[in-house]
Amino acid sequence: MTPALTVTDMSKSFGGPRVLDSMQLSVEPGEIRALVGENGSGKSTLIKILAGFHLPDEGAAEVDGQPLPLGDGTASEALGLRFVHQDLGLVNNLDAVDNLALGGGYPSFRGGIRWRQERKRARDALAELGYHFDVRLTVDRLAMSERTALAVARALAPRQTPPKVLILDEPTANLPAAEAERLFQLARRVADSGVAVMFVSHHFDEVFELAQSVTVLRDGKLVTTRPVPGLSEDQLIELVIGRPLEQVAHDAKAAERSALVLDISGLGGDVLDNVHFAVHAGEIVGVAGITGSGRDELARVLFGGLDRTGEVKINGAVVPKLRPDRAMAMGMGLVPAERHANAAFMAATLRENITVVRPSLHFRGGLLRKSPERSDVAKWLDRLDVRPRNSEFPMSDLSGGNQQKVVLARWLRMDPKVLVLDEPTQGVDVGAKSDIHALVDQAAAQGAAVVVVSTDHEELVRLCHRVLVLRRGRIADEITGSRMDHDLITAATIGRDQPDAA
Amino acid sequence: MTVNKQTPAEADVERKAEAPSAPTRRKIVVTLGLDRFSGLYVWAALIIIFSLWVPSLFDTATNARIIAGSQAITAMVAMGLIVPVACGAFDLSIAGTLGMAVCIVIWFQANGHSFIPGIFVALAFGLLVGLVNSFIVVRLHVDSFIGTLGMSSILLAGTEWVTGGFQVANGISPHFTALGQKQILSLPLPVYYMVIIAIILWWLLEYTPAGRYLYSIGGNPQAARLAGVRVGRITTGAFLVSGLVAAFAGVMLAAELGSSGPDVGGPYLLPAFSAVFLGATQVFPGRVNVPGTLIAIFLLATGVKGLQLAGAPGYINDLFNGAALIIAVALAARARAAQRKA
């Protein structure tokens with residue numbers, strides 16, 4: 001049988017080291033193949049090359065025995081390669097019918113669109129995937145799995161040639177667990193019709209549930225392609241990380257159990273679901289998880305930037321939801337992720353960036369006193385070693401690391417009882433990173449309860465007394481003591497349950 | 001999944017590391033020095049040019065007084081407008097509020113009441129408009145531009161309704177017109193009100209926590225919210241201020257005119273916006289501010305008056321203000337871009 005897709009000796013570099021190195025791949029029609037690897041292992045690059053978005057330096061690909069013209073998106077579609085990207089590429093304010101038409105136009109158009117015909121076509125296409133919903137609803141009113149189905153239906157819509165290979169890039173990243181199951185059924189249906197399905201995933205449980213075979217990439221190179229039956233989850237994790245999982249005895253900082261400060265119960269958000277945990281004074285608790293695990297929303301949910309269910313208590317008092325100002329008044333501080341969007345006032349001075357939290361400290365006799373304000377700010381710039389050390393410079397003049405220190409100073413100045421840090425060293429140079437770590441340690445030493453959310457697992461090991469691992473919105477594991485190791489955290493985020501119990 | 005791709009922040013780190021910072025900064029300081037009060041230089045240049053061009057008409061104390069008096073109302077409206085613009089919201093209803101305030105205070109007198117309750121009702125009406133605007137923008141999440149545009153049309157309908165579409169000038173108390181026409185040191189009273197409002201708003205924006213919050217919301221509303229700033233409440237306050245100030249300006253205009261008519265407010269909208277945006281290039285470049293707005297007002301007025309005295313047709317006023325608005329916003333955009341590059 002002719003393979004549905006073959007890739008031979010494909011390499012690509014973006015000026016530096018090869019991000020894809022002599023890649024080999026072959027997928028049979030009707031096969032479901034998982035593509036796994038750490039961030040930066042080359043999965044995305046491979047998919048973008050197949051989609052015609054990047055031109056490889058070397059190598060070739062064939063679809064159903066026909067050579068694939070590289071670097072040409074139209075040609076790869078014409079040969080039967082179809083893609084559903086992670087963001088799905090749907091237009092939220094259009095309905096299913098219009099979204100289907102975005103790919104191939106309105107087939108019934110003859111001097112006017114025959115809407116009845118188009119709606120029937122849309123309903124039929126979705127019914128074939130096992131979905132039945134009102135095709136006149138705009139996308140933003142559909143459930144996430146319905147949106148995914150719509151994106152798949154669009155990818156599979158007949159063009160000049162029938163689809164041969166369906167490539168899904170992290171299709172479950174935005175799906176709650178129950179809806180993921182529907183997507184799996186959908187993928188199986190598609191495969192049963194003879195189309196090869198290749199999906200990228202970080203969830204290893206998905207690999208075991210859905211895929212017949214798995215291709216592992218590491219550092220741009222093919223590690224192996226294996227049938228899934230007979231493979232254990234530990235083996236797969238080893239293949240992905242590249243060495244056996246050691247359980248190093250780690251000299252974790254022992255948390256001195258003092259007063260309970262932050263008490264979280266039944267916390268729910270967009271993805272977060274019934275999360276409980278507590279943080280004591282002086283304790284640093286880490287939170288890890290892959291994208292879509294709820295990790296990305298946790299910090300803002302705690303602070304009230306995003307809506308939540310459940311209870312957040314500081315020293316026994318309930319913090320009202322969606323009230324960052326109340327959270328702040330009750331002693332919580334948030335250093336959010338994505339500084340540019342969420343924390344920095346680029347055109348304002350460092351002084352204004354720091355004193356935007358409670359400028360009233362320098363408001364006396366009806367006037368904001370600027371010279372005490374300046375010396376207050378100067379003290380913090382000094383303490384955090386911000387360069388340049390001039391309170392009147394605009395924020396935009398500073399490097400990323402110094403900007404992050406300014407944001408941190410904003411909250412340290414408040415002497416917070418609870419300090420929540422979301423990706424605190426994102427886009428920060430090495431020197432500033434270790435400075436920031438030292439400052440977080442200091443804040444905890446002075447009695448703050450600290451929550452650090454991070455995708456940098458080395459950072460979590462460096463900082464935290466224990467690390468909570470989120471999976472699909474719930475705390476799936478808690479890493480403490482001897483298990484404090486960044487590979488182990490990584491393994492836990494991608495779905496290795498209870499290694500101790502095994 | 002990103003391979004070999006820098007996040008903007010990372011790229012930023014590298015760029016900053018490479019940039020030799022000291023010379024760059026010196027350059028900024030120099031440009032700021034030239035920029036910050038460039039409006040004053042242009043203003044001085046205009047005065048000199050017109051003094052040489054039409055000396056007999058332009059270069060007189062009377063003319064200076066006329067410019068000051070005629071611009072007092074515009075300046076008040078513009079300064080009220082600064083407050084919502086500082087927090088990133090437009091208030092296009094200020095001219096309508098001003099027109100309604102004129103009609104209300106005149107209506108009271110034309111119907112045999114005292115002007116004093118009229119003034120209070122007019123001011124309360126200004127606050128009411130601000131409250132409704134903020135409800136539309138903050139609660140209903142209507143874009144401020146659209147929301148207040150709609151409101152301005154509603155207010156225009158209101159002035160038609162109150163005046164019946166005619167000029168109303170009967171029963172006006174001379175005590176009331178004195179408020180707008182009396183002169184101290186040969187300057188009409190509204191000039192003094194303008195100065196008082198300027199001082200209050202300058203204090204509000206530069207010397208109170210509320211001012212900080214306003215500018216922080218204008219700079220990055222999401223960051224402001226996550227820094228514990230009550231964005232909705234501050235925005236509401238901003239609309240209340242612009243409504244109140246516009247209504248006060250309306251009362252003063254009524255006192256100056258001694259009459260009301262439909263759409264007396266309309267001509268004040270564009271000059272106010274021009275002045276606020278042109279003002280944002282002055283004194284504190286990149287942010288709307290009170291002294292910058294005042295410079296802009298008098299710069300524009302001097303230009304228009306000079307051209308009129310030199311024989312330019314009446315429509316030069318609209319032409320000049322429209323052009324100034326576009327140029328001001330373009331200049332502000334360039335200033336922002338330069339700041340980003342710096």
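Just so it is clear: chains get the letters A, B, ... in the order the sequence lines come, proteins before strands, and each one is counted from 1. Atoms considered below: every heavy atom in the structure, side chains included; atoms not considered: hydrogens, waters and symmetry mates. In this text the structure is predicted, and so the values were computed from the model without any measurement.
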Among B:G211, B:P221, B:A224, B:A227, who wins on heavy-atom pairs under 4.5 Å with chain A?
->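 Most pairs with chain A among the choices: B:A227.
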So for [X], is it side chain, backbone, both, or neither that comes closer than 4.5 Å to the heavy atoms of chain B?
{"X": "A:R323", "value": "side chain"}
{"X": "A:A432", "value": "neither"}
{"X": "A:R351", "value": "side chain"}
{"X": "A:R300", "value": "side chain"}

Spatial distance of atom [atom1] ([X]) from atom [atom2] ([Y]) [nearest 0.5 Å]:
{"X": "A:L367", "Y": "B:E206", "atom1": "CG", "atom2": "CD", "result": "12.0 Å"}
{"X": "A:L368", "Y": "B:L205", "atom1": "CG", "atom2": "CG", "result": "11.5 Å"}
{"X": "B:Y207", "Y": "A:R369", "atom1": "OH", "atom2": "CZ", "result": "10.0 Å"}

Hey, is [atom1] on [X] packed in by over 12 heavy atoms from elsewhere, all under 6.0 Å?
{"X": "A:R364", "atom1": "CZ", "result": "yes"}
{"X": "A:K221", "atom1": "NZ", "result": "no"}
{"X": "B:Y192", "atom1": "OH", "result": "yes"}
{"X": "B:R233", "atom1": "CZ", "result": "no"}
{"X": "A:R387", "atom1": "CZ", "result": "no"}

Can you check side-chain contact (heavy atoms from CB on, under 4.5 Å) on A:V356 and B:V229, steps first, answer last?
-> CA-CA 8 Å; A:V356 65; B:V229 175; 4.1 Å; yes
Sub-3.5 Å donor-acceptor pair from the side chain of [X] to the main-chain atoms of [Y], do we have one?
{"X": "B:R225", "Y": "A:P324", "result": "no"}
{"X": "B:N220", "Y": "A:H340", "result": "yes"}
{"X": "A:N342", "Y": "B:L226", "result": "no"}

Can you name the closest pair of heavy atoms from B:P209 and A:P359 and give their distance?
->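 Closest approach of B:P209 to A:P359, heavy atoms only: CB-CG, 3.7 Å.
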Flag the one option from A:G366, A:A329, A:G304 with the top tally of heavy-atom pairs under 4.5 Å to chain B.
->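 Maximum pair count with chain B is reached by A:G366.
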Name the member of A:G333, A:A348, A:A344 that forms the most heavy-atom pairs with chain B at distances under 4.5 Å.
->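 Most heavy-atom pairs within the cutoff with chain B belong to A:A344.
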Which region of [X], side chain (C-beta onward) or backbone (N, CA, C, O), has a non-hydrogen atom less than 4.5 Å from a non-hydrogen atom of chain A, or is it both or neither?
{"X": "B:Y213", "answer": "side chain"}
{"X": "B:R212", "answer": "side chain"}
{"X": "B:A210", "answer": "neither"}

